[in-house]
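Count residues from 1 along the sequence. In this text, all values refer to a predicted model and were calculated from it rather than measured experimentally.
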Amino acid sequence: MNNIICNDALTALKDIDSDSVDVVLTSPPYNFDMNYDSYDDKDDVIKYVDTLVDIFNECKRTLKVGGRLIINIQPNYKEYYPTHHYITTALIDNGLIWRGEILWLKNNLKKLTAWGSFKSPSSPYLNYPFEFIEVFSKQSIKHEGNKDDIDITKDEFIKYVNGQWTMTPETKMKEYNHPAMFPEELVYRCLKLFSYKNDVILDPFNGVGTTTLVAHQLDRQYIGIDISEEYCKTAEERILKHHPLSKFF
C-alpha cells in the first residue's frame, strides 16, 4: 500500500489483489483531445468507453464487498455522446450497484461563452457548467468499517449528502503541467463521505496525484496508477511536501 505505480492502468490493476480495496476514486481522461503527457486523448468514442469499462470492471474485482467505485466524468458534448450514461449502464449490467449521482457545479460560469446558433433556434449549443460524480457499490450497499475510524463531522455529513456540490475547479493545473485536474476538495468530500480512516483508496488514473495526496492527508492508505513518469514523479513529490492538515475546507 501507499504506492504510486507508473504503468498502464489495465496492466497494473491485474497485479492488485482481489477484494483488497475499499474505495476506487478517479477521473478518467475526457477524450476531448487534451494535452496529457503520455496519453493520446482522442479516440473513437465507442472504443474509449469500452476501454474505460474494461478498467472499471478490473477495479470492481479489486474492491471489497461493499467497496465503492466513484467516477468523476463529463459527457462528450462536442460529439453528442453521453459518456456517463453509457458507462453507468455498462457497470450496472456488469453487476455493480448504482448508488447515486452527484452534480458538481463549477464556480466558473463567466468562462462559458459558446452559444452555437446565437439568437436562433436552428442549433443552439447548451452550456454545461457541471460534471457528474457517479457512485457505485460492489455486492452490498453497506461498507463495513470501524466506527472509531469515522472522521466525518455532523455538518460535513449534512452538507455532502446533498446531491449538488458547488466547488471551484482546480486552479494549479499550469503549476503541475496537467490539463485536467479535479480539485482537492472533491476528493476530500468523497473520502470523508464514503470511506473510513485507514481504508485503501485506489485511483487508476492518478495523474499528478490529487487523490493520493488527499488520501494521505486524511490518514487513508493509497494506490495511484498512471502511465506518465512525469505525473507519477509529481504525485510522489506532492505527498513528500505534505504537512499535516489543521483546517481543511
Side-chain angles (χ1 to χ4, degrees), residues 2 4 22-30 34 68-75 84 99-112 128-136 143 149-226 231 234-249:
N2 296 338
I4 306 294
D22 295 285
V23 174
V24 175
L25 171 58
T26 195
S27 182
Y30 284 95
M34 289 191 168
R68 279 73 184 267
L69 172 58
I70 306 169
I71 307 168
N72 169 220
I73 194 161
Q74 184 175 1
H84 62 314
R99 298 295 308 281
E101 183 176 77
I102 299 164
L103 195 68
W104 167 25
L105 182 63
K106 300 178 180 179
N107 290 338
N108 64 344
L109 302 185
K110 63 182 180 180
K111 296 181 181 179
L112 298 174
Y128 295 90
F130 52 80
E131 296 187 16
F132 298 92
I133 303 170
E134 304 291 341
V135 184
F136 303 86
H143 175 38
D149 287 332
I150 297 172
D151 60 356
I152 191 167
T153 68
K154 175 184 175 182
D155 289 344
E156 286 174 332
F157 186 87
I158 293 171
K159 181 178 180 180
Y160 299 166
V161 293
N162 187 319
Q164 177 178 301
W165 291 356
T166 301
M167 292 175 289
T168 302
E170 179 58 62
T171 60
K172 298 179 181 179
M173 288 189 281
K174 287 186 178 179
E175 177 182 341
Y176 293 117
N177 194 30
H178 192 286
M181 297 167 62
F182 54 16
E184 292 177 23
E185 184 176 359
L186 186 151
V187 179
Y188 178 90
R189 292 188 185 198
C190 287
L191 294 187
K192 276 297 198 82
L193 185 59
F194 294 111
S195 72
Y196 300 84
K197 289 191 297 183
N198 300 309
D199 273 359
V200 178
I201 313 300
L202 167 65
D203 188 341
F205 300 104
N206 194 49
V208 292
T210 302
T211 298
T212 48
L213 171 65
V214 178
H216 175 69
Q217 290 173 327
L218 293 177
D219 297 321
R220 274 71 170 166
Q221 301 180 74
Y222 61 83
I223 304 170
I225 301 169
D226 202 272
Y231 292 166
T234 300
E236 292 172 346
E237 289 173 347
R238 291 177 74 188
I239 290 174
L240 289 173
K241 292 177 181 177
H242 161 247
H243 53 83
L245 281 172
S246 53
K247 295 181 181 179
F248 197 83
F249 304 117

For [X] versus [Y], what's the shortest heavy-atom pair and its separation?
{"X": "Ala215", "Y": "Leu191", "value": "CA-CD1, 3.7 Å"}
{"X": "Lys172", "Y": "Met181", "value": "O-SD, 4.3 Å"}
{"X": "Ala235", "Y": "Thr212", "value": "CB-OG1, 4.5 Å"}
{"X": "Asn107", "Y": "Pro169", "value": "N-CD, 4.0 Å"}
{"X": "Phe136", "Y": "Ile71", "value": "CE1-CD1, 4.1 Å"}
{"X": "Glu184", "Y": "Glu170", "value": "N-OE1, 4.1 Å"}

Under the rule for ring pair (Phe, Tyr, Trp, His ring centres under 6.0 Å), what residues qualify as partners of Phe130, not counting sequence neighbours?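 For Phe130, the residues satisfying ring pair (Phe, Tyr, Trp, His ring centres under 6.0 Å) (neighbours in sequence not counted) are Tyr128, Phe132.
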Gap between atom [atom2] of [Y] and atom [atom1] of [X] - 0.5 Å precision:
{"X": "Asn206", "Y": "Leu25", "atom1": "CG", "atom2": "CG", "answer": "9.5 Å"}
{"X": "Ser195", "Y": "Ile150", "atom1": "OG", "atom2": "CD1", "answer": "11.0 Å"}
{"X": "Tyr231", "Y": "Ile4", "atom1": "OH", "atom2": "CD1", "answer": "15.0 Å"}
{"X": "Ile201", "Y": "Ile223", "atom1": "CD1", "atom2": "CD1", "answer": "9.5 Å"}
{"X": "Glu101", "Y": "His84", "atom1": "CD", "atom2": "NE2", "answer": "5.5 Å"}
{"X": "Leu202", "Y": "Thr26", "atom1": "CG", "atom2": "OG1", "answer": "8.0 Å"}

When you compare the side chain of Tyr188 with that of Glu156, does any pair of heavy atoms fall below 4.5 Å?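 Yes. Closest side-chain heavy atoms under 4.5 Å.
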Does the side chain of Ile70 reach to within under 4.5 Å of the side chain of Val24, using non-hydrogen atoms?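 SC-SC contact between Ile70 and Val24 ruled out.
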In chain order, what residues pass the salt bridge (Lys or Arg N to Asp or Glu O under 4.0 Å) check against Asp149, with sequence neighbours excluded?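 Testing Asp149 for salt bridge (Lys or Arg N to Asp or Glu O under 4.0 Å), a comparison that skips the adjacent residues, returns none.
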Sequence-distant partners of Asp203, salt bridge (Lys or Arg N to Asp or Glu O under 4.0 Å), two or more places apart: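 In terms of salt bridge (Lys or Arg N to Asp or Glu O under 4.0 Å), with neighbours along the sequence ignored, Asp203 is linked to no residue.
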Under a 4.0 Å N-O cut-off, is there an ion pair linking Glu185 with Arg189?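 A salt bridge is present here (some side-chain N lies under 4.0 Å from a carboxylate O).
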Salt-bridge test for Arg68 and Asp199: reply yes if a basic N is under 4.0 Å from a carboxylate O, no otherwise.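 Answer for the salt bridge query: no.
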Sequence neighbours excluded, which residues qualify as side-chain contact (heavy atoms from CB on, under 4.5 Å) partners of Glu131?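 Result, side-chain contact (heavy atoms from CB on, under 4.5 Å) vs Glu131: Tyr30, Asn72, Gln74, Trp104, Lys106.
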Partner residues of Asn2 under the side-chain contact (heavy atoms from CB on, under 4.5 Å) criterion, sequence neighbours left out: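 Per chain and number, Asn2 pairs via side-chain contact (heavy atoms from CB on, under 4.5 Å) with Gln221, Tyr222.
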So, Lys197 side chain and Asp151 main chain: donor-acceptor pair closer than 3.5 Å or not?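 Side chain of Lys197 to backbone of Asp151: no pair is present.
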Sequence neighbours excluded, every pair satisfying ring pair (Phe, Tyr, Trp, His ring centres under 6.0 Å) that has a member inside residues 193-216: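 Only His143-Tyr196, His216-His242 qualify under ring pair (Phe, Tyr, Trp, His ring centres under 6.0 Å).
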I would like to know whether Trp165 and Cys190 meet side chain to side chain contact (heavy atoms under 4.5 Å, CB included); could you show each step before the answer? CA-CA 11 Å; Trp165 291 356; Cys190 287; 3.8 Å; yes
Could you check Lys192 against Leu218 for side chain to side chain contact (heavy atoms under 4.5 Å, CB included), going step by step and ending with a plain yes or no? CA-CA 8 Å; Lys192 276 297 198 82; Leu218 293 177; 4.2 Å; yes
Does the pair Thr210 and Arg238 meet the rule for a side chain to side chain contact (heavy atoms under 4.5 Å, CB included), with working shown? CA-CA 9 Å; Thr210 302; Arg238 291 177 74 188; 3.2 Å; yes
